[in-house]
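Notes follow the structure.
Lettering of chains follows the sequences in order, A, B, ..., and the numbering in each one begins at 1. Only heavy atoms go into these numbers, but all of them, side chains included; no hydrogens, no water, no symmetry mates.
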Number of protein chains: 2
Amino acid sequence: MTRILDQTEVLGFRPLYRQVRDRLIRNLVDGVWAPGEALPSEMQLAADLGVSQGTVRKALDAMAAENLVVRRQGRGTFVARHDEERILFQFFKLVPDSGVPSFPDSRVLSLSQGRADANERSLLALTPGSKVIRIKRVRSIEDRPVIAETISLPAALFPDLAGMAVPNNLYGLYAMHYGITIANTQEKLKAVGASPDDAAILGVTPGTPVLRIDRLALALDKTPVERRLSICLTQDLHYLSDLS
Amino acid sequence: MTRILDQTEVLGFRPLYRQVRDRLIRNLVDGVWAPGEALPSEMQLAADLGVSQGTVRKALDAMAAENLVVRRQGRGTFVARHDEERILFQFFKLVPDSGVPSFPDSRVLSLSQGRADANERSLLALTPGSKVIRIKRVRSIEDRPVIAETISLPAALFPDLAGMAVPNNLYGLYAMHYGITIANTQEKLKAVGASPDDAAILGVTPGTPVLRIDRLALALDKTPVERRLSICLTQDLHYLSDLS
DNA sequence: AAGTGGTCTAGACCACTGA
DNA sequence: CAGTGGTCTAGACCACTTG
């Protein structure tokens, strides 16, 4: 592998370690290294790319900060896996008022396919007429239904999904069967009254105050991949947000 | 200033750059450098502390990642200031559904002092009988009241606060007059129905779904400093949470 | 031009893991 | 024990700001 060149001319300046990082992320997107697999060692990568070990280190440290890889002293650098523990820690912010966070069970209510509506088109960057897969499910903690969830996926990205068993941990499915890694999510929260439908699903009266979480999930290359609308009962739960 | 010694013996290993970081944070807590002021240059600090420039750099980079200092190429490293722009970006997550975030105006409804209740004692780590200052205020965006807020402060940390004008930006006041820098906050969100009191303040009917944000703010040294209970109307606003 | 932080390199040594 | 990532150092050069 030959050395990457600086391109100081136009775009202002892109540091070498940035180029190394982008190149390694490209490899992740392309599935060169599978989730859970070890990357080559720093020395190896440095030799391959024609840069110093320190530069590779800086790129890998940045990727570790983005939760794309996990580094373990004495063992190596590994592609981050989308197992439940990681999802729980990274993306699932609803925790019981007293007690430890736990991954909720889920039961699928319906799975259908149709034309994307205006909202889905805008969020998922789809063209008019594009199809989306919609999954509606209810999630329970300690056997009590607490989340009614509607998930919209671009059908083009997920062929044959309709014929598969829908697992509890969807992000694991995206990674495993479609090679799509969710890297970022953006969530917009509001308090609203429960609609009759959602109220029925959750076993409360319509109009009950519920937390409405509108999540958009992006892949490694910033492509929008999933829109998820969650209606949450927060009687015994809260959404935990740490800022610093 | 003499070199800091490793203390590998007991606690397992504390890297040099960590010790440098802790030492610099100690200086921030002690007010050696005021907010907005420039720290000594990397070379200067390295000479003072008897370590290499690279080690100082790593410590400062870590502090920049924690938003404690701001580094500007060609100018220097500055103690982070608690001006409105920074607060807006760092701690204020409520944004209009369409449009740019803006800092809300606020009007104080009451300011009183009393014994901390059980909840305040537990959150603020106070002993029974400790006094707290309570501020109740309403905050408006574009002249519409959208947040009813109750703030509890340990009276011991904020002498004479009752006699001061309460500014819109409280964290600026804490920093300026009391030398207390808010470094982290933890927020717990729930959807609830508005109480009669809050409903009256916000101009809605009791029971209207509102977002309840229970915030605990910590100082640089992890001391709990402020508890803030915000009741928010989210008809035209949402709470924005970016995860990665 | 001088001074700052930012990048990149090279090399030594340390801490941790697993065979 | 060899191999990995983690720390620390020293030095060269680059990009940016200010005078």
Side-chain angles (χ1 to χ4, degrees), chain A residues 1-24 33 36-80, chain B residues 1-24 33 36-80:
Chain A
M1 213 176 277
T2 67
R3 188 198 172 90
I4 310 164
L5 295 180
D6 280 359
Q7 47 171 54
T8 302
E9 316 102 22
V10 189
L11 291 180
F13 181 54
R14 192 129 130 283
L16 237 195
Y17 73 86
R18 238 294 184 168
Q19 301 176 47
V20 171
R21 168 187 166 281
D22 291 349
R23 180 132 174 182
L24 295 176
W33 306 300
E37 194 177 330
L39 272 63
S41 73
E42 293 181 351
M43 290 301 266
Q44 190 59 54
L45 286 171
D48 289 351
L49 297 168
V51 302
S52 79
Q53 187 198 10
T55 299
V56 171
R57 169 178 297 277
K58 198 160 179 183
L60 288 174
D61 282 346
M63 292 169 69
E66 298 172 274
N67 292 308
L68 301 181
V69 299
V70 175
R71 316 197 69 188
R72 277 193 283 241
Q73 184 172 139
R75 299 197 47 202
T77 302
F78 303 83
V79 182
Chain B
M1 210 176 275
T2 67
R3 188 195 171 91
I4 310 165
L5 294 179
D6 280 359
Q7 47 170 54
T8 303
E9 314 103 23
V10 189
L11 291 181
F13 183 54
R14 191 127 131 283
L16 238 196
Y17 73 87
R18 238 294 186 168
Q19 301 176 46
V20 170
R21 168 188 166 281
D22 291 349
R23 180 130 174 184
L24 295 176
W33 306 300
E37 194 177 329
L39 272 63
S41 73
E42 293 181 350
M43 289 300 267
Q44 190 60 53
L45 286 171
D48 289 351
L49 298 168
V51 302
S52 79
Q53 188 199 8
T55 299
V56 170
R57 169 179 297 278
K58 198 160 178 182
L60 288 173
D61 283 346
M63 292 169 68
E66 297 173 274
N67 293 307
L68 301 181
V69 299
V70 175
R71 316 197 70 188
R72 277 193 284 240
Q73 183 172 133
R75 299 196 47 201
T77 302
F78 302 83
V79 182

Original post:
Residues in salt bridge (charged side-chain N to carboxylate O under 4.0 Å, His left out) with A:E37, at least two apart?
Top reply: none

**OP:** Please tell me which of A:K58 and A:Q53 maps to the more 5' nucleotide of DNA chain C, matching each residue to the nucleotide holding its nearest heavy atom.
**Re:** A:K58

**OP:** Take A:G74 and A:R57, find for each the nucleotide of DNA chain D with the closest heavy atom, and name the residue whose nucleotide sits nearer the 5' end.
**Re:** A:G74

Subject >> Residues forming a side-chain contact (heavy atoms from CB on, under 4.5 Å) with A:A64, sequence neighbours excluded >> reply: A:V69, A:R71

Original post:
Rounded to whole angstrom units, what separation is found between the CD atom of B:E42 and the C1' atom of C:dT4?
Top reply: 8 Å

**OP:** Would you indicate whether the side-chain heavy atoms of A:L68 and A:L24 approach each other to under 4.5 Å?
**Re:** no

Subject >> Protein-nucleotide distance (A:Q73, atom CD; D:dG5, atom P), rounded to Å >> reply: 10 Å

Original post:
Taking CZ from A:R71 and C1' from C:dC16, how many angstroms apart are they, rounded to a whole number?
Top reply: 14 Å

Subject >> Side-chain N,O (B:T77) to OP1/OP2 (C:dG5) below 4.0 Å >> reply: yes

Subject >> Whole-Å distance separating the CE atom of B:M43 from the P atom of C:dT4 >> reply: 9 Å

Original post:
Is the shortest side-chain N/O distance from B:R75 to OP1 or OP2 of C:dG3 below 4.0 Å?
Top reply: no

Subject >> Proximal nucleotide (of C:dT7, D:dT4, C:dG5) relative to the A:S41 side chain >> reply: D:dT4

**OP:** Using whole Å, report how far CZ of A:R18 lies from P of C:dC8.
**Re:** 12 Å

Original post:
Side chains of A:L49 and A:T55: does their closest heavy-atom pair fall under 4.5 Å?
Top reply: no

Original post:
Is the shortest side-chain N/O distance from A:S52 to OP1 or OP2 of C:dC8 below 4.0 Å?
Top reply: no

Subject >> With A:R21, the side chain to side chain contact (heavy atoms under 4.5 Å, CB included) member among A:R23, A:Q19, A:R18 >> reply: A:R18

**OP:** Grab the OH-C1' distance between A:Y17 and D:dC14 for me, whole Å please.
**Re:** 13 Å

**OP:** Could you tell me the separation between the CG atom of A:L16 and the C1' atom of C:dG6, rounded to a whole number of Å?
**Re:** 13 Å

Original post:
In whole angstroms, how far is the P atom of C:dT4 from the CG atom of B:L39?
Top reply: 13 Å

